[in-house]
Amino acid sequence: MDEHYSPEEVESRWQEYWEKNKLFRADEDSSKEKYYLLEMFPYPSGKIHMGHVRNYTIGDVVVRYKKMKGLNVIHPMGWDAFGMPAENAAIDNNTHPAAWTYDNISSMRTQLKRLGFSYDWEREIATCRPEYYCWEQWLFLKMLEKDMVYRKESYVNWCEHCKTVLANEQVEADMCWRCGEPVQQKKLWQWFFKITDFAEDLLVYCDKLPGWPEKVTVMQKNWIGKSIGSEIKFRIEGQDNYIKVFTTRPDTLFGATFMCLAPEHPLVDSLSRGTSQAEAVKAFVDKIADQERSTDALEKYEKEGVFTGAWCINPVNGRRMPIYTANFALMEYGTGAVMSVPAHDQRDFDFAQKYGLEIQIVIEPETKNPDTHTGSMSQAYTEPGILVNSGEYTGMDNIEAMDKITQRLQEKGLGKKTVSFRLRDWGISRQRYWGTPIPVIHCPDCGVVPVPESELPVVLPEDANLLENGASPLPSLDYFKKTTCPKCGCSDAKRDTDTMDTFVESSWYFIRYCSPRCDTAMFDPKAVKYWMPVDQYIGGVEHAILHLLYSRYFMRVLNHLNLIDFKEPFTRLLTQGMVCKETMTCPKHGYIFPEDAQTAGDNNTLTCKKCGSTIDVGRVIKMSKSKKNVIDPNILLSKYGADITRLFCLFAAPPEKDLEWNDDGVEGCYRFINRVWRLALKLTADENPGKPFRGELSKLKDDGAGKLYAKAHQTIKKVTEDIENSFHFNTAISAVMELVNAMYAGDLDSDDTELKSVAAFCMETVVLLLSPIVPHFAEELWEKMGHEPSIVDEPWPEYRKDALVTDEILVVVQVNGKLRSKFTIAADSDDEALKELALADEAVQRHINDKPVKKIIVVKKKLVNIVV
RNA sequence: GCCGAAGUGGUGGAAUUGGUAGACACGCCAGACUUAGGAUCUGGUGCAGCGAUGCGUGGAGGUUCAAGUCCUCUCUUCGGCACCA
């Protein structure tokens with residue numbers, strides 16, 4: 001029995017079979033329950049990596065399982081094809097982004113097919129095709145019509161040297177990635193989606209997504225960042241004008257001693273004009289405007305500010321408060337103005353100390369802390385407490401005071417309860433070439449005019465080439481840019497030459513899959529009604545916020561436009577972990593590939609083949625080309641084939657955890673597959689093979705056969721539950737391994753028909769249970785075992801409850817909670833019998849050692865604990 | 001700083017409602033079969049000890065007949081957000 005399983009012959013044959021027989025084509029069938037499984041579609045970078053393999057393997061197993069369970073499954077695949085890497089590659093390789101992208105798509109498609117994934121390739125889409133982005137432009141126009149999108153001036157990263165806009169990813173340490181010159185901020189008119197209109201709804205529904213990992217909903221909630229507080233008006237001294245602030249702590253209002261405005265706040269200029277501070281303020285505002293705005297840069301700046309020369313009045317106690325402009329006040333949050341309460345906010349406290357501003361304590365802990373009485377506090381007191389120095393509210397609990405004070409202000413028309421969000425509107429304009437053109441026209445007379453629906457799509461010209469610095473050619477392409485105004489017909493109109501953020505395409509692709517060739521609408525409502533929402537979505541946790549939030553937002557947009565009747569796109573979400581591997585670093589060459597290292601004479605250390613230095617084997621981190629710790633799936637495929645690659649990805653770790661790559665582990669999976677292979681061949685080689693046991697349990701008299709049969713049903717139960725409940729394929733696989741081990745442990749050469757029959761049943765079970773995981777291998781064995789193809793259409797095995805129990809059970813005996821002995825006993829024995837046997841045990845007696853027995857605890861059919 | 005997750009053998013990882021800690025696999029050790037073994041099969045493998053036994057789930061307490069699991073405190077690592085008023 002030396003025959004080895006050879007994946008290369010088997011796998012391509014079955015892949016052809018599946019494709020030819022269209023086994024994975026999805027058709028609407030209202031008589032059947034549907035199941036929509038989706039994995040995050042890839043960016044066509046050229047090659048799939050282990051992260052893709054893992055992601056798509058997980059999905060494929062579930063699809064094949066659900067199909068065997070009788071569900072009508074849809075499992076589509078496509079390409080997130082717009083974006084910057086295509087532009088970079090085009091410049092580096094002197095090609096066109098489109099050519100590069102389409103080449104990559106075709107080679108990646110081949111790779112995915114090589115892995116045996118069960119996609120319905122007839123539904124394939126690529127977001128860079130006009131048939132796709134046409135509907136994105138259509139939706140944009142609908143949103144424009146309904147005021148869900150607007151234009152405003154906003155900052156972009158600008159490289160003066162290259163005369164081009166840079167995406168955030170193109171800014172490296174404040175410098176242009178291509179030329180190394182400093183990046184500036186430039187104000188441009190840009191389009192925004194009003195995602196903030198749905199902030200509350202997106203937030204509320206975070207708690208109505210039981211199928212999502214809590215980690216992700218928590219991250220989304222934090223991102224949306226709702227805070228409840230009050231809006232309070234402070235009158236400007238000498239004017240009839242007010243400054244509005246947002247605060248979450250209206251209870252500290254009596255302690256507000258100064259005011260801070262964001263440098264961009266519209267009042268900053270008018271307040272300081274004509275005062276002695278005017279110049280200082282202007283200098284400060286200019287300085288802040290020049291500063292880089294990335295979050296990295298923000299950390300570096302100290303809190304600073306400048307007095308505007310103006311004062312405002314605290315509405316509750318009439319205190320004169322100096323108005324500052326300060327860099328920590330953000331125009332984007334709240335109202336862009338902060339009432340500063342240095343006694344109870346650490347940031348305000350630091351600022352007050354720096355500029356010698358007054359600190360007024362208004363809250364004290366219930367057990368008085370002397371520190372808060374003195375004028376020399378060392379830090380702000382931010383805990384709850386009792387109000388002091390707060391007029392009629394003195395003595396009140398601060399939580400209660402929040403509402404009371406706000407209520408009072410509201411009565412006077414000086415304030416109200418309000419909500420503020422951290423989430424900002426989604427800026428979608430990109431001054432890049434390789435993206436969906438924004439379908440509007442700018443007319444000197446009519447202003448912004450939407451492209452008429454009949455003229456869609458606005459096709460991205462694919463005969464244009466990127467400019468040398470990577471800039472978009474669109475603004476200089478007259479035949480694209482110059483057009484006539486659809487409204488007034490004048491010929492001075494210009495197309496918008498910006499394209500949309502590529503996150504827009506990925507926000508609705510899953511709905512397009514329902515009717516991918518529909519050319520009369522964004523989607524066919526009937527198909528969407530049947531297939532949507534996605535039942536199970538699988539992808540990397542790196543998309544926990546943006547992509548998943550945008551997709552949820554887009555479904556709300558479609559819902560608001562009465563195009564769909566649901567709001568949440570993904571019922572269940574699985575965020576799989578990363579694929580990791582250790583890194584190797586040479587002191588001279590930096591990161592090196594494992595093949596450039598060799599073991600030194602002492603067999604313990606690794607040295608660099610090039611220079612002989614000792615190699616440092618570093619931490620296990622995510623596979624990355626630059627860290628040289630990648631495994632190329634192609635190499636695995638040619639060495640082990642698809643099934644074993646898939647098996648390892650599933651066996652090494654549960655899907656939500658990071659997976660550490662281990663070459664020996666793959667080898668182990670290869671051994672397991674061969675072990676099953678040999679076992680199956682042995683059983684089928686029998687001249688008089690057993691028929692899979694389907695008879696009465698009572699007919700299984702032989703102990704070995706009975707136990708093995710029970711084990712098989714326990715395995716079915718375990719595997720089914722592991723897949724159904726948690727996608728824990730690692731434990732499912734180990735359960736099958738146990739069953740295989742049990743079969744090997746039995747008498748394989750026995751002539752006993754009963755045992756042979758049970759063995760045949762076990763073998764069939766093993767192959768069926770493994771079939772979603774190693775589909776080619778399973779098909780091959782299934783056929784060899786005398787079945788008609790395809791195993792894809794076989795029903796998933798069901799376990800027999802009555803077969804799960806065995807006649808004998810194992811009982812453990814503890815003395816004072818410590819394990820001292822075990823024995824087996826008939827399953828129907830009562831507690832008394834257990835007690836008796838436990839006490840009679842020699843080892844148990846030794847530990848009781850004449851001490852009086854205080855108590856005996858019996859856990860039914862499981863355990864006896866004797867307390868002495 | 002805030003929010004979240006996780007700490008179990010040499011390694012990846014298992015452990016229903018609290019009830020045999022370490023399933024399964026890798027690695028290692030031994031044996032069998034072999035011209036050979038880096039194939040295969042069998043057995044062993046948490047640590048200490050010849051042994052009986054003792055100790056063991058990041059650490060310290062606690063609840064319980066019984067704790068990886070529950071409670072309190074604490075340490076470490078990873079992830080996310082971060083001048084958010």
Trainee: What I'd like to find out is whether the side chain of A:Leu548 reaches to under 4.5 Å of the side chain of A:Gln220, using heavy atoms alone.
Mentor: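 SC-SC contact between A:Leu548 and A:Gln220 confirmed.
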Trainee: Would you say the ring centroid of A:Trp661 lies under 6.0 angstrom from that of A:Phe648?
Mentor: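 Yes, they do, as the ring centres are separated by less than 6.0 Å.
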Trainee: Go through the structure and list residues passing salt bridge (charged side-chain N to carboxylate O under 4.0 Å, His left out) with A:Lys221, not counting sequence neighbours.
Mentor: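 With sequence neighbours excluded, A:Lys221 shows a salt bridge (charged side-chain N to carboxylate O under 4.0 Å, His left out) to A:Asp207, given in chain and number order.
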Trainee: Using a cut-off of 4.0 Å on non-hydrogen atoms, how would the nucleic acid contact of A:Lys854 be classed: base, sugar-phosphate, or nothing?
Mentor: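 The residue A:Lys854 makes no contact with any strand.
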Trainee: Using a cut-off of 4.0 Å between protein heavy atoms and nucleotide atoms, how would you tag nucleotides 10-20 of chain B 5' to 3' with B, S and -?
Mentor: --SSS--B-BB
Trainee: Rounded to whole angstrom, note down the C1' distance from B:A32 over to B:C26.
Mentor: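 Approximately 23 Å lies between the C1' atom of B:A32 and that of B:C26.
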Trainee: Could you write out RNA chain B as a dot-bracket string, with dots for unpaired bases, | for bases paired across to another strand, and Watson-Crick or G-U pairs counted at under 3.5 Å?
Mentor: (((((((..(((......[....)))((((((.......))))))(((....)))..(((((..]....))))))))))))....
Trainee: For A:Phe234 and A:Met339, what are the C-alpha separation, side-chain angles and deciding distance, and is it a side-chain contact (heavy atoms from CB on, under 4.5 Å)?
Mentor: CA-CA 9 Å; A:Phe234 289 69; A:Met339 70 168 211; 3.8 Å; yes
Trainee: OP1 or OP2 of B:C41 less than 4.0 angstrom from a side-chain nitrogen or oxygen of A:Arg678, does that happen here?
Mentor: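 Looking at the OP1 and OP2 atoms of B:C41, one of them is under 4.0 Å from a side-chain N or O of A:Arg678.
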Trainee: Would you say A:Lys818 places a side-chain N or O within less than 4.0 Å of OP1 or OP2 belonging to B:C55?
Mentor: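 So the side chain of A:Lys818 is within the cut-off, an N or O lying under 4.0 Å from OP1 or OP2 of B:C55.
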Trainee: If the condition is side chain to side chain contact (heavy atoms under 4.5 Å, CB included), which residues does A:Pro266 pass it with, not counting sequence neighbours?
Mentor: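 Per chain and number, A:Pro266 pairs via side chain to side chain contact (heavy atoms under 4.5 Å, CB included) with A:Met331.
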Trainee: Flag the pair A:Phe258 / A:Phe351 as yes when their ring centroid distance falls below 6.0 Å, and as no otherwise.
Mentor: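 Yes, the ring centres sit under 6.0 Å apart.
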Trainee: When the ring centroid of A:Phe651 is compared with that of A:Phe729, is the distance short of 6.0 Å?
Mentor: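 No; A:Phe729 has its ring centre 6.0 Å or more from that of A:Phe651.
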Trainee: Measure all distances between protein nitrogen or oxygen atoms and nitrogen or oxygen atoms of nucleotides 32-34 of chain B, and list the pairs falling under 3.5 Å.
Mentor:
none

Trainee: Can you check the A:Glu842 CD to B:U53 P distance for me, whole Å?
Mentor: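 After rounding, the reported distance stands at 11 Å.
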Trainee: Give a yes/no answer on whether the side chain of A:Arg422 brings an N or O atom under 4.0 Å of OP1 or OP2 in B:A85.
Mentor: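 A:Arg422 to B:A85 OP1/OP2: no side-chain N or O under 4.0 Å.
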Trainee: Restricting to salt bridge (charged side-chain N to carboxylate O under 4.0 Å, His left out), what partner residues turn up for A:Asp722, sequence neighbours left out?
Mentor: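 Applying salt bridge (charged side-chain N to carboxylate O under 4.0 Å, His left out) to A:Asp722 gives A:Lys718.
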